[in-house]
Number of protein chains: 2
Amino acid sequence: MNNFGYVLDMKNYSIQRESILKTVQGTHSHPTAEWVFSKVKKTLPNVSLGTVYRNLGLLADNGKIQAIHFDGVIHYDGTMENHQHFYCIECKTIIDIHIPNKSFVSEVEQKTNHIIANSHVHMNGICKSCKSK
Amino acid sequence: MNNFGYVLDMKNYSIQRESILKTVQGTHSHPTAEWVFSKVKKTLPNVSLGTVYRNLGLLADNGKIQAIHFDGVIHYDGTMENHQHFYCIECKTIIDIHIPNKSFVSEVEQKTNHIIANSHVHMNGICKSCKSK
DNA sequence: TCATATTTAGGAATGATTCCTATTTTTATT
DNA sequence: AATAAAAATAGGAATCATTCCTAAATATGA
C-alpha cells in the first residue's frame, strides 16, 4: 500500500502525483490545471501538462480534491469540507464561503423526493473590499 | 424600437434572433447551442452555428435568457425567474427546482459584507424516478 | 429609394482538455 | 539486487466547444 491509500486507477506512487496534490492543497486560490502545471514545473521541470490534467482528474475522482467549473474552466480546490463559492466580478477572485446551506438542501430533498448527493452554491457579485472603493 | 425592446448591441430585428429566443423559451430542457442550432435549422436551413452562439450570448447579456455552465458546457434557460438546478447522475437530466434560497443568500451577505448580485444552487444526485427503480 | 448601421453565413482560429504511444518508473517477487 | 509485469509519464496530436473574421445580405431611418 502506498502512502496515499489510493483506490481505483491510482495504484502506484509517483512524485508527479504527490507534487500535484500538495500544490492544490497548499493554496486557497482555486487554481486551474495550467497554474498547477507552472508550479509543479519549478521542482519537476520535465512534468507534462497532460500528466497534470490526468492526475487532477484522478485526485478529484478519488475524493482528494474538488473540481469546480467556473465559466467553462475547471478550477481545483484542496478543501474537501463542504463550502460555497463567491466570485467577485470586479477583482475576478473566487472566495470561499464557509456557511452551510443544509436547511435548503433538506427542504429540497423533502419537497422533491430526489436524493441529493452533493450541492454547491455559486454566488456572483462585488466583494467587500471592491465595494469599499 | 423593435418588438423585443433590445438594448446594447441588439439594435436590429432579425428572424434568426427571434427564432433562437423562441426556441430557448419553448423548452425546459436547458439546451446547448448545438441543440438550439439543430432546432432553428428546421425553419431556417441556412442559419449558421456562429449566429446561434452570438445570439445566445447577446440574449443572455440582455437578460432575456439565462446561461448556466454544466460540466464545462453552456446550457441556456428561458426561465428568468430565480430557480435552482438538480442534475441526476443516473438519467443525466437537469431538473428545475423552484424553491428559493433567499435566507442563505442574505445570511452570506450579512456575514461577509459582499454584495451578491445573483446566486445559483447546483445539486447532484439521483432523481425521484431513478430512485424508485 | 438611398446611405448607413447591423447582422448574417461560412469557415478559420482559439483554447481548454483529452487521447495516444513509446519510454520510464514503480511495485511485487525472488 | 535482479527481474518481470503493471502503472505512470512525456510529448505531442487530436478533439470539441466556443469565438473570431470578413465579405455579403438585411434592416433601419430619412
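Just so it is clear: chains get the letters A, B, ... in the order the sequence lines come, proteins before strands, and each one is counted from 1. All values derive from a computational prediction rather than experimental measurement.
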Q | Whichever of B/His75 and A/Val52 has its nearest DNA chain D nucleotide further upstream toward 5' | A | A/Val52
(Q) As a test of understanding, state which of A/Ile94, A/Ile95, A/Thr79 forms a side-chain contact (heavy atoms from CB on, under 4.5 Å) with A/His28. (A) A/Thr79
Q. Using a cut-off of less than 4.0 Å, is there contact between a side-chain N or O of A/Arg54 and OP1 or OP2 of D/dT9?
A. yes
Q.
Using a 3.5 Å distance criterion without hydrogens, assess whether the side chain of B/Ser106 forms a donor-acceptor pair with backbone atoms of B/Lys102.
A. yes
Q.
Among C/dT8, C/dT27, C/dT7, which nucleotide has an atom closest to any side-chain atom of B/Thr51?
A. C/dT8
Q | B/Leu58 CG - D/dT19 P separation (whole Å) | A | 11 Å
Q: Name the closest nucleotide to the A/Ser14 side chain, picking from D/dT9, D/dT18, D/dA7.
A: D/dT9
**Q.** Closest-nucleotide ordering on DNA chain C, the 5'-leading residue of B/Gly50 and B/Gln16
**A.** B/Gln16
Q: Find the distance B/Leu56:CG to C/dT8:C1' and express it as a whole number of Å.
A: 15 Å
Q | Rounded distance in Å - CZ (A/Phe37) to P (D/dG12) | A | 11 Å
Q.
In this structure, how many angstroms lie between the C1' atom of C/dT8 and the CG atom of B/Asn55, rounded?
A. 9 Å
(Q) Expressed as a whole number of angstroms, how long is the span from A/Tyr13:OH to D/dT9:P? (A) 11 Å
(Q) Using whole Å, what does the distance between atom C1' of nucleotide C/dT17 and atom CD of A/Glu34 come to? (A) 11 Å
Q: Please answer whether the main-chain N or O of A/Asn113 pairs with a side-chain N or O of B/Lys131 as donor and acceptor at a distance below 3.5 Å.
A: yes
Q. Contact class for A/Ile15 (heavy atom, under 4.0 Å): base, sugar-phosphate, or nothing?
A. nothing
Q. Do B/His85 and B/His75 get their side chains close enough for a donor-acceptor pair, meaning under 3.5 Å?
A. no
Q.
Does C/dT8 have its OP1 or OP2 closer than 4.0 Å to a side-chain nitrogen or oxygen of B/Ser48?
A. no
(Q) I want to verify a distance call: between D/dT18, D/dT9, C/dT17, whose nearest atom is closest to the B/Tyr53 side chain? (A) D/dT18
Q.
Strictly below 4.0 Å: does A/Asn12 bring a side-chain N or O up to OP1 or OP2 of C/dA28?
A. no
Q: Would you tell me if any nitrogen or oxygen in the side chain of A/Arg17 comes within less than 4.0 Å of OP1 or OP2 on D/dA8?
A: yes
Q) So does B/His98 have more than 12 non-hydrogen atoms from other groups sitting under 6.0 Å from NE2? A) yes
Q | Nearest-Å distance for atom pair CG/P, residues A/Asn46 and C/dT23 | A | 17 Å
Q. How many Å lie between CD on B/Glu18 and P on C/dT6, as a whole number?
A. 20 Å
